[in-house]
Each structure stands twice: as C-alpha cells, then as structure tokens.
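Data block below; observations after.
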Amino acid sequence: MITSLLSGTTDHNNMAVQLSFHGGVISGQVPEDYRQYIEDMRSGFTELDAAIADITPMIEDGSLDPTQVKAVFYSLYFGVESLRGMDYRGIADCFVRYEKRTRTVTDADGNETEETYTVAVPIDSLPEIYANLESTLGREITYENKANASEIYYRALYGTGAPGEGDSFDQWSDWTPEQLADLFYDLPVGETGSEAVQIALDRLGDPYSQELRGSGDYTDCSYLVQSVYRQLGVKLPGTAAAQGKYCVDNGLTISKSDLAPGDLVFWSHKVNGRYLNITHVGIYAGDGMVVDASSSRGKVVYRSLFDADKQVLYARPYAEASKTASASGFVSPLGSGWRSMVTSEFGGRTDPVTGEWAGHDGIDLGAAKGTAIRAAKDGTVETVSYGTTGYGYHLTIDNGGGLVTLYGHCSEILVSEGQTVKAGDVIARVGSTGKSTGNHLHFEVRVNGTAKNPRNYLP
C-alpha cells in the first residue's frame, strides 16, 4: 500500500485518501512517517480551505470545487518531506480567473457613480488550471500528476476510481487540435497494418469488460489493441491514454488524412486527467470503418468511424517495428519520418538566436518535448553533459572507427557515460535546453573530429 502511494501511481489506497479528505482515526499500525504524511496533508487542506474562503466572497457566479483543489494538491505533494512555506493562496488562485468589472453605486444623497471592482471566476478548463499551476509553482505538471488527481478526486467523493475507458461517456470539447500541430510524421505504410485489421476482425462479437479483460474472450478497447499488436511483435502499454502517449513519444503519429488500415484512432470523450483525456481507441479498418471494443454496445464491433469531433490523435504503431538500419548500421534517432522533421540543415545558415550567418555542424529535427531520442548506431556513451548554454543537455556516443554521434538540446538524458547502447535504444528525450528557440534534436555525425552531413548516413 505504502509503496503504491509513494511511487505516485494511480492506484491510490482508498483508506489514505479518505483519512486525508474526511478525517478519522489513523490506525496505530500505520508507520510513523506515513502517518505524518497524512497529517501534513490534513494541515495543508485546512490552509487550502482558508484560501478558498478568502476567494469565495469575490465569486459572483458558480463556486470553487474544494475537492478538486485538494485532489490536485494531494497528487502533487503527498509524501513530500515538508509542506512548510507553501503558498496556499497562490495555489487556490490557479483555479480562478480574476476580472475587473464595473457597477453603479448610489450614495445616501442619490448620486450615482461608476465603481470598478474585482471578481473571481472559477475556471472549468483543466488545461488552463494546470497551465496556471505550472507558471505559479515553476514546475511541470506531468501526465501522471493529472491522472492521479483525477483518481483521487473520484475516490474522495465516491470511494471508487475515476472512469476509465469506453465510448459511452458524455461529450466534451476541452482539448484543442493545436496540441497536435507538431505531431504528424510521414511514416511508411506496410502490410502489418492489414494483418492487424484481420486479427481484430477475428474478434468481432467478443464481450466487452474492463474488469474481466484478458480472461476468456473478454476485452476492452485498449486490451484489444494491445493484444492485436502483441501478436505482430509490437509492444504497447495497457490503457488507451498510455498508448496515445507512447505513440507521441516515439514519433508514431500521423495526420487523419494519412489514415491507412491498421492505424490507431484515439477519442477523448470526457475530462479524466489522462493524456489528452483519451478514453477510447480503435483500429482503423479502411473505407471509413473502424474495429473497436465498444462499451456502449458491449462487444467488439465493426462500424463507421464515429464522433469526428472527439478524435484527438492518429497513430501507426507498427512503424516502430519496421524501422530498418542503413547499410552503415545507422537508424534515425527520431523515426523513419525524420526527413519531414528537418528544420535546419547542415552547413551555413542564419543563426536563429543571433540572427548572424554561422556554420551549423548538424541537422535540427523538430519534435514535441519528450519525444524519444534513439541511438543512431551501436556504440558506447562517451560524454553526458547537463550544460545550460550551447548544446544544453547533450550526449555523445563513440560508435567506433573514429565515428561519434552527438544529440543536443535534450530535456532529459536516460543513459550514463560508459554505457553500451544498441542502434534504436532510447537514450534521451527531445527538449529545448541550451541555445535553442524551440523543442528539437540537434544531431551531429563526426568522423575523426570533422563534422559530416548526417543526411549522408541516416536511412
């Protein structure tokens, strides 16, 4: 129980949530440090209640949801060493928008004047709330934080977990297509997609159940996708939201106009705190049809591609398995669609930071923050640097024979110096650290210390 809670997973223990939110006697069998976490959370909730009480008189329409505020706070801070010095009012302010308004005031003599005053407007948009929190707290609110907050909210109110997956949720429209603007890649279409469709069609009529998925013929939407692609040698996570995030992180997403049989379609039907609030996934079968495990129909079905306004992501997961190395043993560090991602070429260019003409020893590949960066060739990690200028967070790999590859501006480095890697191993994630104007990978190939054009090496 304690390991689950402190690791930050969504499987929060109902007892701990109930004790934090609703009080009660903490069992004497609970370890002292864990007891302290619960008591600290209770104290934090008292401070949040006071902050909410200060804001409430400024609200003209609606109200703040204290359970939502506390659930987000719990997901961010349960288990931290200390909550001292916390800006509780600043956190509560992230859930409202302040506006200046005017009203007419009449004095005792009947004279009317215009008065300006401030109102607090509760924010309904979770993305806006989380953006406010990131700005106020100076930290990233992760996908896991958001999923945990949603889970905690439902456990605090109803004693059960948050709604999971399905196509029967109520409509909502909080996601924005702009989030996907940089997530389209030119991925090759292969026979694997048609094989995926055939395997999925063989399961038509199988019963739907989240609780029983994997036993007998029972399945839900994400388990159907996972099991189909497992048979084709592609390993995907176990939930629709996690599958969507995996495809984004690994450069496997495509545009709707490029949909081909075997591609995945992701829907977002309800705010749930998960990645892009994804609640459903299906396998595109071609000709405007999809195969999916439908919660509303209670079985695996073959039907028209539905709810276009709620489709948030499209992906080709088998492209991961089809990546091949060039004759020289190279693979692309960002997937087979790397040519469409080039934002700056090798050689001379106008420096995007200084505006002056300068040499450029590699190519820049634009991609979303967090996208997986893979080793372009077998080798040994030579250097790992967490600099704040120049290349920013970057690493080099000694690929042997005088050849070295460099990966710059990373948001995270996942290997250490001296570590042996294989071509295709995930070694870092895309970022914008150092001298950078946006999220991208700066990729170099050096032979005996001389920079070479990476285009001549990548497949």
Residue pairs involving residues 212-231 (criterion ring pair (Phe, Tyr, Trp, His ring centres under 6.0 Å); sequence neighbours excluded)
none
Test side chain to side chain donor-acceptor pair (under 3.5 Å) on Thr405 and Asn399; report intermediate values, then the result.
CA-CA 7 Å; Thr405 47; Asn399 306 108; 3.0 Å; yes
Can you confirm if the NZ or CZ of Lys299 lies within 45° of the ring axis of Tyr208 and under 6.0 Å from the centre of its six-membered ring?
no
I'd like to check the salt bridge (Lys or Arg N to Asp or Glu O under 4.0 Å) partners of Asp307; sequence neighbours left out, ordered by chain and number.
Lys310
CZ on Phe95 to CG on Leu48, rounded to 0.5 Å:
8.5 Å
Check: Ala428 main-chain N/O paired with Glu412 side-chain donor or acceptor under 3.5 Å:
no
Partner residues of Thr420 under the side chain to side chain donor-acceptor pair (under 3.5 Å) criterion, sequence neighbours left out:
none
At their closest point, which heavy atom of Tyr74 faces which heavy atom of Ser20, and how far apart are they?
CE1-OG, 3.6 Å
Side chain to side chain donor-acceptor pair (under 3.5 Å) involving Asn453 - partner list, sequence neighbours excluded:
none
Distance, nearest 0.5 Å, that separates CD of Gln311 from CD1 of Ile278:
12.0 Å
Does CD belonging to Glu191 count more than 12 external heavy atoms closer than 6.0 Å?
no
Starting from the C-alpha separation in whole Å, work towards a yes-or-no answer on side chain to side chain donor-acceptor pair (under 3.5 Å) for Tyr77 and Asp40.
CA-CA 10 Å; Tyr77 294 112; Asp40 286 348; over 6 Å; no
Are Leu232 and Tyr318 close enough, and set up right, to give a side-chain contact (heavy atoms from CB on, under 4.5 Å), and what steps lead you there?
CA-CA 8 Å; Leu232 298 171; Tyr318 67 82; over 6 Å; no
Within residues 379-394 or reaching into it, pairs that qualify as side chain to side chain donor-acceptor pair (under 3.5 Å) - sequence neighbours excluded:
Glu382-Thr396, Thr383-Thr396, Tyr391-Glu444, Tyr391-Arg446
Working to the nearest 0.5 angstrom, can you tell me the gap between Ile91 CD1 and Thr136 OG1?
8.5 Å
Given 3.5 Å as the limit, does a donor-acceptor pair link the side chain of Gln18 with the main chain of Arg155, or not?
yes
Verify whether one side chain among Ser135 and Asn132 offers a donor that lies under 3.5 Å from an acceptor in the other.
no
Just to verify, what does Gln198 make a side chain to side chain donor-acceptor pair (under 3.5 Å) with, not counting sequence neighbours?
Asp202
Quick one: are Leu305 and Met289 in side-chain contact, heavy atoms under 4.5 Å?
no
Between the main-chain N or O of Cys410 and the side-chain N or O of Thr433, is there a donor-acceptor pair closer than 3.5 Å?
yes
List in chain and number order the residues that pass side chain to side chain donor-acceptor pair (under 3.5 Å) with Ser411, two or more places apart in sequence or in another chain; answer none if no residue qualifies.
none
Closest approach of Gln226 and Leu236, non-hydrogen atoms and distance?
NE2-O, 3.0 Å
Between Trp338 and Pro459, is there a donor-acceptor pair closer than 3.5 Å when you use the side chain of the first and the backbone of the second?
yes
Side chain proximity check, Tyr275 to Thr239, heavy atoms < 4.5 angstrom:
no
side-chain contact (heavy atoms from CB on, under 4.5 Å) filter on Asp167, not counting sequence neighbours, yields His269, His280, Asp292, Ser294, Ser295, Ser296, Arg303, Phe306
In this structure, OG1 of Thr67 is separated from OH of Tyr158 (nearest 0.5 Å) by 9.0 Å
Applying salt bridge (Lys or Arg N to Asp or Glu O under 4.0 Å), name anything that partners Arg455, two or more places apart in sequence or on another chain.
Glu345
Mind jotting down which residue pairs meet the side chain to side chain donor-acceptor pair (under 3.5 Å) criterion with at least one end in residues 421-432? Sequence neighbours excluded, please.
Ser432-Ser436
Phe266/Tyr314 under ring-ring contact (aromatic ring centres under 6.0 Å, His included): CA gap, chis, key distance, verdict
CA-CA 6 Å; Phe266 295 90; Tyr314 311 93; 8.6 Å; no
Does any donor atom in the side chain of Glu165 or Thr279 lie under 3.5 Å from an acceptor atom in the other side chain?
no
Would you find a donor on one side and an acceptor on the other, under 3.5 Å apart, between the side chain of Tyr34 and the backbone of Ile38?
no
Exceeds 12 heavy-atom contacts within 6.0 angstrom, atom NZ of Lys256
yes
Nearest heavy-atom contact between Ala375 and Val331 is O-CG2, 3.3 Å
All salt bridge (Lys or Arg N to Asp or Glu O under 4.0 Å) counterparts of Lys146, not counting sequence neighbours
none
Provide the full list of salt bridge (Lys or Arg N to Asp or Glu O under 4.0 Å) pairs with a residue in residues 207-218, sequence neighbours left out, each pair given once.
Arg213-Asp220
